[in-house]
Amino acid sequence: MKLRRSMMFVPGDNAGMLSNSYIYLPDSVMFDLEDAVSIAEKDTARLLVYNTLKAKIYGDIETVVRINGVDTPFWEADLEMAVRGGAEVIRLPKTENVNEVKELEIKIGKIEKECGREFGSTKIITAIESASGVVNAVEIAACSSRMVAIALAGFDYLVDMQTERSSGTEPELFFARATVLHAARAAKIDAFDVAYGNVNDEEGFMREVNIAKNLGFNGKSLIHPRQIELLHKAYKPTQPELDHAKKVIEAAKTAEEKGLGVVSLNGKMIDPPVIQAAQRVILLADYS
């Protein structure tokens, strides 16, 4: 079970951030070749990210490369670099439909074979950034065995919806969040909530983190290192939650050893979903 609470954006043309962002210990780091990089710097960013990937300095932190969209002249060169460099995951921005993912999937497989990487080892995250993407999210999430997560990108989505972000419960994002999350759960992959742009607004960030957590998102895309610790603390189980999870796992283990088909704890039946939830609580506690 891979833990994906935090995915931190790192501009692909920022050599300093590329060389040391691992010190902030995000679960995943996303080297951005798209919005964070001007057209004039695309080639430079590609080379910097390639060298960073080959240096293998990120250890257990998942390495993700956000390529440019398939409607641009940059995406194929981005993809060649990322797969050959050893990126674990490709993030496809502005995903509108299944055809875009299928085109990406075919190209990844071809590059893997050419450079000797294990076929299927390069995974995919799709970013949903429009009304069309939200409407097609269920199909997108389930269209490839390479898919490990789906992410909602709030800014472009709200522009497409002809609205803007409000404070409080953010009703303008609720349908998109619910749809993307359900798509992820139906496909049995992870879901990332939107990035929060105001790094100085800790209260607003935490309000949004709690919305995402309570809905059931695995984590959030992040734009600044200071958001990582706040996010991880919010997802950390309480001691009573951890104690209960350990009791569930122990009860299930005892039942298995005794060959019991049904097991209960404090009068409540323990079934596979309960055990799975307990395992996630323990995983979150171990990484907090």
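All of these numbers come straight from a predicted model, not from anything done at the bench.
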*Pick out which of Leu47, Leu33, Val37 makes a side chain to side chain contact (heavy atoms under 4.5 Å, CB included) with Lys42.*
Val37

*Residue pairs, two or more places apart or on separate chains, that pass ring-ring contact (aromatic ring centres under 6.0 Å, His included) and touch residues 70-120*: none

_Any residue meeting ring-ring contact (aromatic ring centres under 6.0 Å, His included) with Phe192, in chain and number order, not counting sequence neighbours_ = none

*asked:* Going by the rule salt bridge (Lys or Arg N to Asp or Glu O under 4.0 Å), which residues pair with Glu34 if we only count those two or more places apart in sequence or in a different chain?
replied: Arg66, Lys94

*Can you sort out the partners of Ser28 under side-chain hydrogen bond (donor to acceptor under 3.5 Å, both in side chains), two or more places apart, ordered by chain and number?*
Glu62

*Given Arg146 and Ser121, is the side chain to side chain donor-acceptor pair (under 3.5 Å) satisfied, shown in steps?*
CA-CA 8 Å; Arg146 293 179 184 268; Ser121 61; 5.9 Å; no

Sequence neighbours excluded and cut-off under 3.5 Å, please list the side-chain donor-acceptor pairs for residues 77-89, or say none.
unit_1	atom_1	unit_2	atom_2	d
Asp78	OD1	Arg46	NE	2.8
Asp78	OD1	Arg46	NH2	3.1
Asp78	OD2	Asn68	N	3.0
Asp78	OD2	Asn68	ND2	2.7
Glu80	OE1	Arg84	NE	2.8
Glu80	OE1	Arg84	NH2	3.4
Arg84	NH2	Glu114	OE1	3.0
Glu88	OE2	Thr63	N	3.0
Glu88	OE2	Thr63	OG1	3.4

*State yes or no: do Ile23 and Val49 share one hydrophobic cluster built from I, L, V, M, F, W and Y residues joined by side-chain heavy-atom distances below 4.5 Å, directly or via other members?*
yes

*Hey, are Asp201 and Tyr196 close enough side-chain-wise for a donor-acceptor pair under 3.5 Å?*
yes

*Could you list the residues that satisfy ring-ring contact (aromatic ring centres under 6.0 Å, His included) with Tyr22, not counting sequence neighbours?*
Tyr58

*All side-chain hydrogen bond (donor to acceptor under 3.5 Å, both in side chains) counterparts of Ser167, not counting sequence neighbours*: none

_Just to verify, what does Gln239 make a side-chain hydrogen bond (donor to acceptor under 3.5 Å, both in side chains) with, not counting sequence neighbours?_
Asp243

*Using a side-chain heavy atom cutoff under 4.5 Å and only I, L, V, M, F, W and Y, what cluster partners does Phe155 have?*
Val159

_Tell me if the CG atom of Asp60 is crowded by more than 12 foreign heavy atoms within 6.0 Å._
no

*asked:* Run the side-chain hydrogen bond (donor to acceptor under 3.5 Å, both in side chains) test against Asn210 and tell me which residues pass, sequence neighbours left out.
replied: none

*Under 4.0 Å between a Lys/Arg side-chain N and an Asp/Glu carboxylate O for Glu229 and Lys236?*
no

_Check Arg5 with Asp27, please: is the shortest side-chain N to carboxylate O separation under 4.0 Å?_
yes

*Mind checking what makes salt bridge (Lys or Arg N to Asp or Glu O under 4.0 Å) contact with Lys102, not counting sequence neighbours?*
Glu105

*Go through the side-chain N and O atoms of Glu129 and Thr95 and say whether any donor and acceptor fall under 3.5 Å apart.*
no

_salt bridge (charged side-chain N to carboxylate O under 4.0 Å, His left out) between Arg165 and Glu170, worked out_ = CA-CA 7 Å; Arg165 226 168 188 165; Glu170 299 178 334; 3.8 Å; yes

*Pair listing, ring-ring contact (aromatic ring centres under 6.0 Å, His included) test, anchored in residues 164-191, at least two apart*: none

